[in-house]
2 protein chains.
Amino acid sequence: MASVKVTSQDVARRAGVSQPTVSRVFTPGVKVSSAMEAKVRRAAEELGYRPNTLARSLITGQSMTIGLIVAYFDNPFYVEALEKLSRALKDKGYNIMIFMAANHAGDVDQVVQDLLDHQVDGIILASVSTSSDLTARLNEEGVPLILFNRGHSDKSLSAVTSANRAGGAKVAEFLLAGGHERMAHISGWQGASTGRDRCDGFVSALQAKGKEPLAVVDGLFSREAAAAATRSFFSAAETPDAIFVGNDHTAFAVLEVLRGELGLDVGQDVSVIGYDDVAMSAWPSFDLTTVRQPANRMVDAVVAQLIAQIEGRATEPRQIEIDGPLIVRGSARKPEGWVE
Amino acid sequence: MASVKVTSQDVARRAGVSQPTVSRVFTPGVKVSSAMEAKVRRAAEELGYRPNTLARSLITGQSMTIGLIVAYFDNPFYVEALEKLSRALKDKGYNIMIFMAANHAGDVDQVVQDLLDHQVDGIILASVSTSSDLTARLNEEGVPLILFNRGHSDKSLSAVTSANRAGGAKVAEFLLAGGHERMAHISGWQGASTGRDRCDGFVSALQAKGKEPLAVVDGLFSREAAAAATRSFFSAAETPDAIFVGNDHTAFAVLEVLRGELGLDVGQDVSVIGYDDVAMSAWPSFDLTTVRQPANRMVDAVVAQLIAQIEGRATEPRQIEIDGPLIVRGSARKPEGWVE
DNA sequence: AGCATTCATGAATACGTATTCAAGGCTATT
DNA sequence: AATAGCCTTGAATACGTATTCATGAATGCT
């Protein structure tokens, strides 16, 4: 409860130097004579001095803090991404201020304002979108913002996604090669670019081969909605022999309905393919064939682009798409002569 | 790229008042005449002024920021907790700065220092521990620290856990009531109080009834270690008819080995009980009987205690234990005449 | 040796806000 | 009507650091 704040002034007095000298010792890349440095460091050590980041940020205009806004963690893909983002940014010397926001634009805008008040150097939006008037304001203030795993029609925003259309197409081609006839799609939320693009890629690739999907339903990235869609598929006259689901997290719910409620043999009676390749997809309980979103490379791209914009090296926003492979496991019938 | 920072000075000039008046308008609980307030608010609106949190924090000594240190998110319980913590603290007006740290004390201490440099008002340690010399320093600086889901022998630290010993005992009693004879335990990491307490509670309750566990192995809160322990149990002469696992996340791995590799009927041939009651435990794929850790109440307790210490209302540290019920599902044989 | 340069240091200032203090205007009380 | 008292506002200052500028010492050069 003593609450003894020790300042650079205190260190200066004890070391018999001026305050600016202390500051210089603790500012990387500034010249100080070794004699001074030794005196200052010893005094600092004895007093337990550490620079006050707030004061430093106030004057430099650099808070070395990145704001991260995320909507939910139901989908473990975002959890993995958070973990990797945190470590990558820390390596670069940045800290993370994290906010959870509801997915409607009003709430996100509110939170972005909060972050701006905290003088963050940059903002990452994971799986949420923001209004265009706010992005204008961000440009004005010179604070870069990047969308993670979400695209945006406004090309003045940087965004990092996986190659969702290509991914959807890969699924279609794999299923066609496996001889599937009645392919249904429980899409990701159509309010999100990821959901739309995966759907478009899938449907377009089918149509390119002269096929139509049996059914397409918006699964809203929700386990409940996906489960309901599955049940409805199998209460119809014509039932699917393959289901492509908008992401792994909801695909798990589909698997459970197929196996548990409908008593089907997944991979034999019906094929299921997901999207993300979260860690759980490799668990024996699920063994899910899925399109990998390379979280590591996506995170690296976000961090690189964000820091480039912060440091003024990249003034132009970029839309970066990262391709990921189809990971073949047991939940979907393999084409004849498939080699691992 | 304009980067026009508008300050309280700018607002003051435009409104024809002094800078302190502007400050007062934006400081809750300070009296200003309504005429002044109107003028200031209009000017602020026109200029798009928002107070600079850094400058405010520097002078008030309150950053309204809580540091959160977490080791890993493999265990979804911590993900749920993070989500709830974030929302609860935001409701109270606090922001979260999040860090991931490796679990060894040196790394944690480093991160705590980082947080102190950022003048956080309080620190929450989730599933990690810290050295005692650092806690001394924290006391000196007057920054409260709370352990979440981890106890500490040093009773000068506040901590919030579930009633782990009682929980372990509940499992023992349930299994005994169900007529199990050979009960094994794949414990949580014995380097953590949660792992030790659940183990102690379980073993003590067995011994109180004159029973000994068939085997106790440290599962390290790791899926791989738990899976290996399961295999070794069933390659021994005497095999268990029940396994209590240190947390749900590792229990899932145990379930998979039992079902997939050993072809056992879980709930019939062998009972499995976990700890946490994460959302996935209710999924049909797992249907896991488990002891619930009431994340909501634990989070509420952490937030309440932390804020009490920050505001100086609670000067004494407290160790808070929150009791949770056994959630009975299909993974464990129920006692005769069990009523839901 | 004398002068021009570089170099390290200290004094002063700035960053953007909250707070103390003094002064002034106003109401209320007698 | 005169004074005591409160309430509102502005001037000055503080928070803890980084940075500009001036100064003097030290070095290098011919």
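Remember, it's a predicted structure, so these values are computed and weren't measured experimentally. Throughout, protein chains are lettered first and strands after them, A, B, ... in sequence-line order, and every chain is numbered starting at 1.
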A.B. asks: Between the protein and nucleotides 9-15 of chain C, which nitrogen or oxygen pairs come in under 3.5 angstrom?
C.D. replies:
| residue | atom | partner | partner atom | Å |
| --- | --- | --- | --- | --- |
| C:dT9 | OP1 | A:Ser33 | OG | 2.4 |
| C:dT9 | OP2 | A:Ser33 | N | 2.9 |
| C:dG10 | OP2 | A:Ser18 | N | 3.2 |
| C:dG10 | OP2 | A:Ser18 | OG | 2.9 |
| C:dG10 | OP2 | A:Thr21 | OG1 | 2.4 |
| C:dG10 | N7 | A:Arg24 | NH2 | 2.7 |
| C:dG10 | O6 | A:Arg24 | NH2 | 3.4 |

A.B. asks: What nucleotide among D:dT19, D:dG16, C:dT17 has an atom nearest to a side-chain atom of A:Lys5?
C.D. replies: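 Of D:dT19, D:dG16, C:dT17, D:dG16 is nearest to the side chain of A:Lys5.
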
A.B. asks: OP1 or OP2 of C:dG16 sitting under 4.0 Å from any side-chain N/O of B:Ser8?
C.D. replies: no

A.B. asks: When the C1' atoms of the five terminal pairs at each end define the local axes, what inter-axis angle does the helix from C:dA1-D:dT30 to C:dT30-D:dA1 show, to 10 degrees?
C.D. replies: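 Both end axes considered, the difference amounts to 30°.
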
A.B. asks: Rounded to whole angstrom units, what separation is found between the NE2 atom of A:His118 and the P atom of C:dG16?
C.D. replies: 17 Å

A.B. asks: Does B:Glu46 have any salt bridge (Lys or Arg N to Asp or Glu O under 4.0 Å) partners at least two apart in sequence or in another chain, and if so, which?
C.D. replies: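 B:Glu46: salt bridge (Lys or Arg N to Asp or Glu O under 4.0 Å) contacts with B:Arg14, B:Arg42.
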
A.B. asks: Keeping to residues at least two apart or across chains, list the ring pair (Phe, Tyr, Trp, His ring centres under 6.0 Å) pairs with something in residues 129-161 of chain B.
C.D. replies: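 Listed once each, the pairs would be none.
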
A.B. asks: Using the test side chain to side chain donor-acceptor pair (under 3.5 Å), find all partners of B:Ser162 that sit at least two apart in sequence or belong to another chain.
C.D. replies: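 Once residues adjacent in sequence are excluded, the partners of B:Ser162 under the side chain to side chain donor-acceptor pair (under 3.5 Å) criterion are B:Asn164, B:Gln293.
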
A.B. asks: With a 4.0 Å cutoff (strictly under), does any side-chain N or O of A:Thr27 reach OP1 or OP2 of D:dA18?
C.D. replies: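 So the side chain of A:Thr27 is within the cut-off, an N or O lying under 4.0 Å from OP1 or OP2 of D:dA18.
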
A.B. asks: Whole angstrom is fine here: how far is it from CZ in B:Arg50 over to P in C:dG16?
C.D. replies: 17 Å

A.B. asks: Provide the full list of ring pair (Phe, Tyr, Trp, His ring centres under 6.0 Å) pairs with a residue in residues 112-147 of chain A, sequence neighbours left out, each pair given once.
C.D. replies: none

A.B. asks: Test of understanding: with salt bridge (Lys or Arg N to Asp or Glu O under 4.0 Å), list the residues that count as partners of A:Asp10, not counting sequence neighbours.
C.D. replies: A:Arg13

A.B. asks: Only pairs under 3.5 Å count here: list side-chain donor-acceptor contacts from residues 27-40 of chain A, not counting sequence neighbours, and write none if there are none.
C.D. replies:
| residue | atom | partner | partner atom | Å |
| --- | --- | --- | --- | --- |
| A:Thr27 | OG1 | A:Ser23 | O | 2.7 |
| A:Ser33 | OG | A:Met36 | N | 3.3 |
| A:Glu37 | OE2 | A:Arg41 | NE | 2.8 |
| A:Glu37 | OE2 | A:Arg41 | NH2 | 3.2 |

A.B. asks: Taking the side chain from A:Gln319 and the backbone from A:Lys155, do they hold a donor-acceptor pair closer than 3.5 Å?
C.D. replies: yes

A.B. asks: Near DNA chain C, under 4.0 Å by heavy atom, which residues of residues 38-45 of chain A?
C.D. replies: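 Output list: empty, so none.
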
A.B. asks: What integer distance in Å separates B:Met64:CE from C:dT17:C1'?
C.D. replies: 16 Å

A.B. asks: In chain order, what residues pass the salt bridge (Lys or Arg N to Asp or Glu O under 4.0 Å) check against A:Glu83, with sequence neighbours excluded?
C.D. replies: A:Arg87

A.B. asks: To the nearest angstrom, how far is A:Gln62 atom CD from D:dT19 atom P?
C.D. replies: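 Checked: the CD to P distance equals 10 Å.
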
A.B. asks: In whole angstrom, give the distance that lies between atom CZ of B:Arg56 and atom P of C:dT19.
C.D. replies: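 Atom-to-atom, B:Arg56 to C:dT19, this comes out as 9 Å.
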
A.B. asks: Treating A:Asn95 as the side-chain partner and A:Thr65 as the backbone partner, does any N or O pair qualify as donor plus acceptor under 3.5 Å?
C.D. replies: no

A.B. asks: Show every ring pair (Phe, Tyr, Trp, His ring centres under 6.0 Å) that has at least one partner inside residues 296-322 of chain B, sequence neighbours left out.
C.D. replies: none

A.B. asks: For residues 49-62 of chain B, dump all side-chain donor-acceptor pairs below 3.5 Å to protein atoms at least two apart in sequence or in another chain.
C.D. replies:
| residue | atom | partner | partner atom | Å |
| --- | --- | --- | --- | --- |
| B:Arg50 | NH1 | A:Gln113 | OE1 | 3.3 |
| B:Arg50 | NH1 | A:Asp117 | OD1 | 3.3 |
| B:Arg50 | NH1 | A:Asp117 | OD2 | 2.9 |
| B:Asn52 | OD1 | B:Leu54 | N | 2.8 |
| B:Asn52 | OD1 | B:Ala55 | N | 3.3 |
| B:Thr53 | OG1 | A:Asp117 | O | 2.8 |
| B:Arg56 | NH2 | B:Phe26 | O | 3.2 |
| B:Ser57 | OG | B:Thr53 | O | 2.9 |
| B:Ser57 | OG | B:Gln62 | O | 3.2 |
| B:Thr60 | OG1 | B:Arg56 | O | 3.0 |
| B:Thr60 | OG1 | B:Gln62 | N | 3.1 |
| B:Thr60 | OG1 | B:Gln62 | O | 3.4 |

A.B. asks: What's the CZ-P distance between A:Arg13 and D:dG16, to the nearest Å?
C.D. replies: 11 Å

